[in-house]
Amino acid sequence: MNFKILELNENLLEKYDVKKFVFKMIKDSYGLDYVPEYHYDVVNMDEYYINPKRSNFFIAISEDDKLIGTAAVRAYDKNYIIPDRTYNQQSTASIYRLFVDSEYRHNKIASNMLKSIENFCKKEDYNEIYLHTQRDSYGALPFWLNRDYDIVQDTHDEMGTIHMEKVLKNSNILKNKSESIEKIEIL
């Protein structure tokens with residue numbers, strides 16, 4: 001299947017009605033309508049993805065000019081408490097809104113969009129990439145694990161939230177990870 005990956009800008013945002021696509025994917029994937037505490041970035045894409053230098057939003061467009069996938073990245077801005085991890089805006093990127101229309105899955109679209117994100121993160125000098133997913137999200141956990149993302153915390157909460165990371169270069173996180181492995185082996 002032929003498709004192209006583009007960096008989102010104001011013109012493409014309107015042309016492909018990206019917000020509508022993302023909200024449809026959220027509804028299809030999680031059964032949620034707009035929830036302000038979770039979806040503020042979708043409503044304000046220019047503020048979170050288009051304007052900030054170290055943020056980006058990628059869209060996948062089919063050969064017949066249809067929006068078929070999205071993937072976003074921005075500096076880490078959460079306050080999750082994850083044992084042995086210290087994420088921050090300077091060194092940590094976060095992945096958001098990686099969706100592929102169900103008709104187009106299993107065509108390497110998500111994999112290629114992830115490559116775009118990882119290349120962007122390396123260019124922007126991030127040390128690691130953080131994301132969270134839900135255990136019952138279709139294909140998500142195997143997808144991330146097969147691309148060298150590690151589980152750093154399985155919360156076992158009602159949503160099945162799993163925190164994951166991929167280290168891009170040596171940092172305190174890598175040091176903490178080694179220390180944690182040594183602790184486990186000693187016990």
Side-chain angles (χ1 to χ4, degrees), residues 22-42 48-49 55-58 60 69-102 105-106 108-122 126-185 187:
V22 172
F23 278 122
K24 178 189 178 310
M25 297 305 300
I26 290 169
K27 180 72 170 180
D28 292 351
S29 299
Y30 306 109
L32 295 174
D33 291 313
Y34 174 66
V35 179
E37 67 188 276
Y38 300 145
H39 307 133
Y40 54 88
D41 63 313
V42 180
Y48 286 91
Y49 302 113
S55 298
N56 212 329
F57 197 101
F58 297 94
T70 61
V73 62
R74 68 178 194 249
Y76 181 84
D77 61 357
K78 301 296 181 190
N79 59 357
Y80 299 125
I81 298 171
I82 301 170
D84 300 320
R85 296 296 183 274
T86 306
Y87 299 129
N88 62 65
Q89 289 189 334
Q90 288 69 41
S91 66
T92 311
S94 293
I95 295 177
Y96 291 89
R97 313 300 176 205
L98 180 57
F99 294 115
V100 175
D101 186 303
S102 59
R105 290 181 182 155
H106 308 289
K108 303 276 185 219
I109 297 165
S111 296
N112 281 287
M113 294 182 79
L114 181 58
K115 283 180 192 173
S116 295
I117 283 177
E118 291 178 352
N119 288 336
F120 176 82
C121 290
K122 289 173 186 173
Y126 285 112
N127 292 337
E128 62 274 336
I129 302 173
Y130 162 86
L131 66 96
H132 66 268
T133 190
Q134 279 68 42
R135 184 169 294 287
D136 62 353
S137 182
Y138 172 79
L141 193 54
F143 174 83
W144 295 112
L145 291 171
N146 285 328
R147 280 144 191 92
D148 299 322
Y149 284 77
D150 296 316
I151 296 172
V152 293
Q153 184 182 38
D154 185 341
T155 65
H156 302 286
D157 65 7
E158 64 279 354
M159 293 182 69
T161 304
I162 298 173
H163 299 279
M164 303 183 81
E165 75 178 12
K166 182 173 187 174
V167 175
L168 300 175
K169 61 184 182 180
N170 194 7
S171 69
N172 287 337
I173 296 218
L174 189 58
K175 182 180 176 210
N176 290 343
K177 190 175 183 179
S178 297
E179 290 171 358
S180 295
I181 291 169
E182 289 174 356
K183 289 177 191 173
I184 291 169
E185 291 173 352
L187 300 174

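With no hydrogens or angles considered, no side-chain donor-acceptor pair links Gln153 and Tyr80 at under 3.5 Å.
Between Ile82 and Glu165, every side-chain heavy-atom pair lies at or beyond the 4.5 Å cut-off. Between Ile95 and Leu114, some side-chain heavy-atom pair lies under the 4.5 Å cut-off. Within the 4.5 Å cutoff, no side-chain heavy atoms of Thr133 are placed close to those of Phe143. Using a 4.5 Å cut-off on side-chain heavy atoms (C-beta onward), Val100 and His106 make no contact.
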Working for side-chain contact (heavy atoms from CB on, under 4.5 Å), residues Trp144 and Ile151: CA-CA 9 Å; Trp144 295 112; Ile151 296 172; over 6 Å; no
Any chance you could lay out the side-chain contact (heavy atoms from CB on, under 4.5 Å) test for Ile129 and Leu168, step after step, and finish with the verdict? CA-CA 7 Å; Ile129 302 173; Leu168 300 175; 3.9 Å; yes
Between Tyr49 and Tyr96, is a side-chain contact (heavy atoms from CB on, under 4.5 Å) present by the stated rule, with each step listed? CA-CA 10 Å; Tyr49 302 113; Tyr96 291 89; 3.5 Å; yes
Step by step, would you call Tyr30 with Ser137 a side-chain contact (heavy atoms from CB on, under 4.5 Å)? CA-CA 8 Å; Tyr30 306 109; Ser137 182; 3.8 Å; yes
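Pairing each heavy atom of Tyr38 with each of Asp41, the nearest pair is O-OD1, 3.7 Å. Across all their heavy atoms, Ala93 and Tyr126 have their closest contact at N-CD2, 3.5 Å. Ala72 approaches Ile117 most closely through the heavy-atom pair O-CD1, 3.7 Å. Nearest heavy-atom pair across Val73 and Cys121 is CG2-SG, 3.7 Å. When all heavy atoms of Met159 and Gln134 are compared, the pair lying nearest together is O-CG, 3.1 Å.
Evaluation of the side chain to side chain donor-acceptor pair (under 3.5 Å) rule for Tyr130 yields His132, His163 as partners, not counting sequence neighbours. Every residue was checked against the salt bridge (Lys or Arg N to Asp or Glu O under 4.0 Å) condition with Asp157, not counting sequence neighbours, and none meets it. Residues meeting the ring pair (Phe, Tyr, Trp, His ring centres under 6.0 Å) test with Tyr40, sequence neighbours left out: Tyr48.
Salt bridge status for Glu118 with Arg147: absent, with no side-chain N to carboxylate O gap under 4.0 Å.
Counting non-hydrogen atoms of neighbouring residues, nucleotides and ligands closer than 6.0 angstrom, the NZ atom of Lys166 exceeds 12 such neighbours. The environment of NZ in Lys108 is sparse: at most 12 heavy-atom neighbours from other residues, nucleotides or ligands sit within 6.0 Å.
Distance check: Thr70 OG1 to Met113 CE gives 5.5 Å after rounding to the nearest 0.5 Å. The OG1 atom of Thr86 lies 9.5 Å from the OH atom of Tyr76; values are rounded to the nearest 0.5 Å. Expressed to the nearest 0.5 Å, how far CZ of Phe99 lies from CD1 of Ile26 amounts to 5.0 Å. Of the inter-residue distances, the one linking Lys27 atom NZ with Asp33 atom CG reads 3.5 Å to the nearest 0.5 angstrom.
Under the 30°/60° scheme for interplanar angles, the aromatic rings of Phe23 and His39 are found to stand perpendicular.
Side chain of Thr161 to main chain of Thr155: no donor-acceptor pair is present (N/O by atom type, distance under 3.5 Å, no hydrogens or angles). Side-chain N or O atoms of Arg135 include none that pairs as donor or acceptor with a backbone N or O of Ile162 at under 3.5 Å.
The cationic atom of Arg97 (NZ for Lys, CZ for Arg) does not lie both less than 6.0 Å from the six-membered ring centre of Phe57 and within 45° of the ring axis.
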